[in-house]
Student: 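Below is one structure. I have some questions about it.
Keep in mind that this is a model prediction, so the values were computed, not measured.
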Amino acid sequence: IEALKAAGVTEVVLAINHQQPEVMLNFVKEYEKKLEMKITFSQETEPLGTAGPLALARDKLIDESGKPFFVLNSDVICEYPLLEMIEFHKNHAAEASIMVTKVDDPSKYGVVVMEEEGKEESRVEIFVEKPKHF
């Protein structure tokens with residue numbers, strides 16, 4: 001959340017599952033005040049799958065401004081080049097931009113199959129979830 005603030009993000013929507021404890025919700029509200037950011041929750045009331053809470057937050061993500069937004073998984077924590085990603089997205093006028101990385105064994109992850117245009121400018125052909133053969 002601090003990295004998003006440093007990149008100019010003013011509002012965060014946390015998509016949380018139906019089993020999150022109240023302690024976490026209270027902590028985030030205190031953090032919201034500390035960082036002076038708006039943090040809202042999209043909480044599923046029943047399991048909806050990996051992107052369930054994201055679908056529930058649709059009304060918070062789509063507005064008339066047309067401004068880009070980030071979608072991040074909280075189980076992947078690293079130093080993302082968020083400012084560079086915003087610039088890349090704006091310069092390419094794409095509907096969406098996605099950052100990927102290579103791994104030794106993609107059977108543990110989803111795989112993005114891309115058409116080769118260039119190192120930084122490939123288009124996604126298909127997503128394959130945890131392939132047995134790669």
Side-chain angles (χ1 to χ4, degrees):
I1 293 174
E2 290 171 2
L4 290 167
K5 180 174 175 77
V9 173
T10 58
E11 182 176 359
V12 172
V13 178
L14 292 177
I16 57 177
N17 71 32
H18 70 290
Q19 298 176 342
Q20 293 295 335
E22 291 299 319
V23 173
M24 189 275 259
L25 301 176
N26 293 333
F27 170 79
V28 170
K29 284 298 174 189
E30 290 177 24
Y31 202 63
E32 174 184 45
K33 290 176 188 168
K34 176 184 169 188
L35 292 178
E36 299 176 346
M37 294 178 74
K38 182 178 179 184
I39 302 176
T40 57
F41 300 96
S42 173
Q43 185 171 8
E44 59 187 10
T45 55
E46 59 184 58
L48 299 173
T50 302
L54 184 61
L56 292 175
R58 180 179 291 118
D59 63 322
K60 295 178 173 103
L61 301 174
I62 300 173
D63 61 21
E64 301 298 318
S65 72
K67 292 182 180 177
F69 56 88
F70 292 104
V71 176
L72 305 168
N73 285 339
S74 65
D75 61 345
V76 179
I77 306 299
C78 67
E79 293 184 18
Y80 293 105
L82 298 174
L83 289 173
E84 293 88 343
M85 195 164 177
I86 291 171
E87 284 304 310
F88 177 89
H89 179 74
K90 288 178 180 177
N91 290 336
H92 291 82
E95 185 173 342
S97 298
I98 183 171
M99 184 185 313
V100 299
T101 189
K102 290 185 179 185
V103 295
D104 292 331
D105 181 5
S107 66
K108 300 176 190 174
Y109 309 96
V111 173
V112 179
V113 179
M114 300 178 296
E115 58 184 49
E116 292 295 326
E117 287 184 21
K119 185 175 181 182
E120 295 181 9
E121 297 183 23
S122 298
R123 295 201 178 270
V124 173
E125 286 184 12
I126 190 170
F127 294 94
V128 182
E129 186 61 29
K130 298 180 182 170
K132 295 197 185 316
H133 303 284
F134 50 87

Student: CE/Met114 to CD/Glu125 distance, rounded to the nearest 0.5 angstrom?
Tutor: 9.5 Å
Student: Does the Lys5 side chain pair with the main chain of Met37, one donor and one acceptor, at a distance under 3.5 Å?
Tutor: no
Student: I'd like to check the side chain to side chain contact (heavy atoms under 4.5 Å, CB included) partners of Ile86; sequence neighbours left out, ordered by chain and number.
Tutor: Phe70, Lys90
Student: Can Val111 be reached from Ile126 by stepping across I, L, V, M, F, W or Y side chains whose heavy atoms are under 4.5 Å apart?
Tutor: yes
Student: Surrounding NZ of Lys29 (heavy atoms of other residues, nucleotides or ligands, distance under 6.0 Å), is the total greater than 12?
Tutor: yes
Student: Could you walk me through whether Lys33 and Glu30 pass the salt bridge (charged side-chain N to carboxylate O under 4.0 Å, His left out) check?
Tutor: CA-CA 5 Å; Lys33 290 176 188 168; Glu30 290 177 24; over 6 Å; no
Student: What are the two closest heavy atoms between Pro131 and Pro106, and how far apart are they?
Tutor: CD-O, 3.6 Å
Student: According to a 4.5 Å side-chain heavy-atom criterion applied to Ile, Leu, Val, Met, Phe, Trp and Tyr, with indirect links allowed, do Leu25 and Tyr31 form part of one hydrophobic cluster?
Tutor: yes
Student: Is there side-chain contact between Val13 and Phe69, with at least one heavy-atom pair below 4.5 Å?
Tutor: no
Student: Using every non-hydrogen atom in the two residues, find where Ala7 and Leu82 come nearest and quote the distance to one decimal.
Tutor: CB-CB, 3.8 Å
Student: List the atom pairs, with distances to 0.1 Å, where a side-chain N or O of residues 93-102 and a protein N or O form a donor-acceptor pair under 3.5 Å, not counting sequence neighbours.
Tutor:
{"from": "Ser97", "atom 1": "OG", "to": "His89", "atom 2": "ND1", "distance (Å)": "2.8"}

Student: What residues, two or more places apart in sequence or in another chain, satisfy ring-ring contact (aromatic ring centres under 6.0 Å, His included) together with Tyr109?
Tutor: none
Student: Consider only side-chain heavy atoms of I, L, V, M, F, W and Y, link residues closer than 4.5 Å, and tell whether Met85 and Val12 are in one cluster.
Tutor: yes
Student: Are Phe41 and Leu4 in one and the same hydrophobic cluster, where Ile, Leu, Val, Met, Phe, Trp and Tyr link if side-chain heavy atoms are under 4.5 Å apart?
Tutor: yes
Student: Nearest 0.5 Å please: distance from the CG atom of Leu35 over to the CD1 atom of Ile1.
Tutor: 7.0 Å
